[in-house]
Amino acid sequence: MRLASLIAAGVLSLTGCADGPDDEDTTPAPTTATPSTSKPAATTEAPADAAETTTARPELSAEEQDEADIEETLLAYVDALNEAYAGKDIEGIYPWSRDAAREQWVTQLMSYEAQGLTFEGGRELAVLEVDVDDDQATVLGCVDYSDTAVFDDDGNEITPEREEGDLILNDFVLEREGSTEYGWVVVQDSSRSEACES
C-alpha cells in the first residue's frame with residue numbers, strides 16, 4: 001500500500017505542475033519497479049595462488065643426481081673437444097678434464113696442427129653405463145664418428161675408414177671435483193676400438 005501511495009503522490013505532483021488543458025489526458029500510467037533477480041556472473045578465473053602453482057619436478061635420489069651430473073660433464077667435455085678440433089683453443093676442455101684425459105688431447109691436437117690436419121663435423125656421445133664408487137665413477141659410452149671428416153694441408157679429405165664402423169665404445173673415468181659446474185671432472189678417456197652393439 002505504501003508503494004501505491006508514493007506513486008499517487010508522484011502523479012499529483014506532475015499534474016499540478018503541468019500547463020495547458022490537454023495535460024489532464026496525458027497523465028503517465030503508474031509503473032512498478034521489478035526487483036532485480038539477476039545473480040553476479042560466475043567467474044572461471046582461478047585464484048591467484050592456484051593459477052601460479054606449478055607441478056614440481058620429483059627430486060632425484062643421490063645416485064640419480066650423480067648419474068645426471070656425470071652425463072652432463074661428459075657431454076660438455078665432448079662438446080669442448082669438438083670445438084677444439086674445429087680450431088678453437090684446446091683450453092676449452094680444461095674445465096671438464098685433468099690429468100691423462102687432458103694431457104692426451106693437448107698432445108694429440110698439437111700433433112695434428114703440426115701436420116696441417118684440419119677437421120670438420122664432430123663426434124656425439126651416448127652414455128651407456130655409469131658406475132659410481134664414492135668419489136670416482138667409471139662410464140661406458142658409445143661415440144659416434146659418422147659426422148667427422150679429416151683433411152690434409154692441401155685440403156684433401158683423408159678420413160680413415162674404421163673396420164669397426166663409426167660407432168665406437170669408449171671408457172671414461174671421472175672424479176668428484178667441487179670446483180666444476182657439475183661436481184665431476186674427466187681424468188681418463190680411452191677408446192676400446194670396438195663397435196657399439198646395435
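What you see is a predicted model; the values in this text were computed from it and never measured.
- Side-chain contact between V132 and W184 is present, with at least one heavy-atom pair separated by less than 4.5 Å.
- Residues A195 and E164 share a closest heavy-atom pair of CB-O, 3.2 Å.
- Between Y112 and Y85, the two ring planes are tilted [angle within 30° to 60°].
- For R176 (side chain) and D134 (main-chain N/O), a donor-acceptor pair under 3.5 Å exists by modelled atom type.
- A heavy-atom distance below 4.5 Å is not found between the side chains of D99 and Q188.
- Side-chain contact between D66 and V130: absent, with no pair of heavy atoms (C-beta onward) separated by less than 4.5 Å.
- Atom CZ in R192 sits 4.5 Å away from atom CG in L140 (nearest 0.5 Å).
- The closest donor-acceptor contact from the side chain of Q136 to the backbone of D133 lies at 3.5 Å or more, if one exists at all.
- The local environment of CD in Q115 is crowded, with over 12 non-hydrogen atoms from other residues, nucleotides or ligands closer than 6.0 Å.
- Annotation for I93 and L81: closest pair CG2-N, 3.8 Å, computed over non-hydrogen atoms.
- Proximity of a side-chain donor or acceptor of D144 to a complementary backbone N or O of S146 within less than 3.5 Å is detected.
- With a 6.0 Å radius and a threshold of 12 heavy atoms from other residues, nucleotides or ligands, E124 has its CD atom at or below the threshold.
- A donor and an acceptor atom, one from each side chain of E157 and T159, are located under 3.5 Å apart.
- One distance of note links CG of L128 with CD of E197; it measures 9.0 Å at 0.5 Å rounding.
- Distance alone, capped at 3.5 Å, places no donor-acceptor pair between the S111 side chain and the T107 backbone.
- In this structure, CG on D79 lies 9.5 Å from CH2 on W96, to the nearest 0.5 angstrom.
- No side-chain heavy atom of T73 sits under 4.5 Å from any side-chain heavy atom of V185.
- In this structure, N170 contributes its side chain and S190 its backbone to a donor-acceptor pair below 3.5 Å.
- Panel note: side chain Q104, backbone D189; a donor-acceptor pair is recorded below 3.5 Å.
- Y182 is not listed as a side-chain neighbour of E71, based on a closest heavy-atom distance of 4.5 Å or more.
- Residues L109 and A84 come closest through the heavy atom pair CD1-CB, 3.7 Å.
- Between R123 and N82, some side-chain heavy-atom pair lies under the 4.5 Å cut-off.
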